[in-house]
> 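Have a look at the structure that comes next, please.
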Protein chains: 2
Amino acid sequence: MIQDNRYGEGMTSTDAAANAAASHGHDPLAHTLRDVGLKVTGPRVAVLRALAEHPHADADTVFRAVQGELPTTSLQAVYGVLGAFADAGLVRRIEPAGSSARYERRVGDNHHHLVCRECGRVEDVDCVLGEQACLTPSSTRGFRVAEAEVTFWGTCPACAQAEAEAEADAAAAAAIAEST
Amino acid sequence: MIQDNRYGEGMTSTDAAANAAASHGHDPLAHTLRDVGLKVTGPRVAVLRALAEHPHADADTVFRAVQGELPTTSLQAVYGVLGAFADAGLVRRIEPAGSSARYERRVGDNHHHLVCRECGRVEDVDCVLGEQACLTPSSTRGFRVAEAEVTFWGTCPACAQAEAEAEADAAAAAAIAEST
DNA sequence: CGGTTGTCTTGAATCATTCAAAACATCTGT
DNA sequence: ACAGATGTTTTGAATGATTCAAGACAACCG
């Protein structure tokens, strides 16, 4: 079973993370790659790991995360890897209006997104209406419909609070101005 | 009523279109602009007209349409006008993944879109589920939800046909190859 | 009709993303 | 374990949509 794990045991988890890219033998992530017919390489494993840590990361966020464990990886490699993953169905690429493309590992489960208009933060939401409703527009106008994408736009808790504080400050300033 | 329409009658419709930009007096479109507190200018009226003709145009399409009646208008002016219209709520900007931003006059009526994955063509569809359902994700995760955007991805009739023909050709070629 | 304010033109910069060629590494069969 | 074939990464540069900035200009108010 254990055939070419050259690092076996006795590593800290940090060592494990740092060296994982070199031990292409049988990371669980390596299997994920082989399962879809992709070669196992350092950058690919690192990108997979980065996506696990950052569930809706854009290419640059993935790039910076990957650099932590594999400093020689180029941004273009990250784009290439993400593109290959998307083609292989390993990741889903979403492109919310106003921000750069985001990538997520959660695929094939018909879920939707909540996007913050202020900061661009993205969160998952399960579909309330079954797939059925999601796949049925009122009129297809002759289109062969393959998928429905639902995006809920709003304000995330952090931005809502920042907004409330800004308003409170403005009100205070107005009160001061009025009292002089 | 007719007070400063300096062109009154006797124009061809082409003349009317070409001169409309100069007659800022009271084009119905001019009212549209004044109603939202925007100054009436040639480029703005022309953009409004272009959007009426091209319901889901991108900036460049609008630019080319505008040039037909107002050749001195710059692309940057078109971007500026479209941005001002979007801010004023006069147009809605949609940004389907993989294509440049599209602009549409139909606003405030909770309708959705059908987008062709092949050619990027966009068509309107009314919401099957009332606004109610559209505004209710299964979990808001603390977000203040303002709007739901639904995009149906598929293949438009033209691209579906092109695809079918390409397949037929491939099958024919395979048959020929087999018979030799 | 003149002044104020906002808009347009011109020119350039920015950002995310993609392209291309050569160096390199993974996997396959031995 | 090794060498070849194939696919991946690096490096360097290009692309396209969009935005920024400054000055020239035009619309609207009174």
> Any carboxylate oxygen within less than 4.0 angstrom of a Lys/Arg side-chain nitrogen, looking at Arg102(A) and Glu104(A)?
no

> To the nearest Å, how far apart are Tyr79(B) OH and dA12(C) P?
19 Å

> Would you mind classifying the nucleic acid contact of Ala84(A) as base, sugar-phosphate or nothing, using non-hydrogen atoms under 4.0 angstrom?
nothing

> Is there a donor-acceptor pair under 3.5 Å between the side chain of Ser99(B) and the backbone N or O of Glu95(B)?
no

> Could you check which of dC28(D), dT19(D), dT11(D) has an atom nearest any side-chain atom of Arg34(B)?
dC28(D)

> Should Val40(A) and Leu90(A) be counted in the same cluster of Ile, Leu, Val, Met, Phe, Trp and Tyr side chains packed under 4.5 Å apart?
yes

> Measure from CD on Glu95(B) to C1' on dT17(C) and round the result to the nearest Å.
15 Å

> Can you tell me how far C1' of dT18(C) sits from CG of Asp87(A), to the nearest Å?
14 Å

> Pick the closest DNA chain D nucleotide for Gln76(A) and for Leu38(B) by heavy atoms, then say which residue is nearer the 5' end.
Gln76(A)

> Tell me the interatomic distance from Asp60(B), atom CG, to dT19(D), atom C1', rounded to whole angstroms.
16 Å

> Shared ILVMFWY cluster between Leu48(B) and Val36(B), side chains joined below 4.5 angstrom?
yes

> Over how many whole Å does the gap from Lys39(A) atom NZ to dG4(D) atom P extend?
16 Å

> For the pair made of CZ in Phe63(B) and P in dT19(D), what is the distance, rounded to whole Å?
16 Å

> Ser100(A) near the nucleic acid: base, sugar-phosphate alone, or nothing, with a heavy-atom cut-off under 4.0 Å?
sugar-phosphate

> Taking atom P of dT18(C) as reference, at what distance in whole Å does atom CG of Asp58(A) sit?
13 Å

> Starting at CG of Leu82(A) and ending at P of dA16(C), how long is that distance when rounded to a whole Å?
14 Å

> Looking at dT9(C), dT18(D), dT8(D), which one has an atom nearest to any side-chain atom of Thr41(A)?
dT8(D)

> Taking side chain as C-beta onward, heavy atoms only, is Asp58(A) less than 4.5 Å from Tyr103(A)?
no

> Looking at dC28(D), dT17(C), dT10(D), which one has an atom nearest to any side-chain atom of Ala77(A)?
dT10(D)

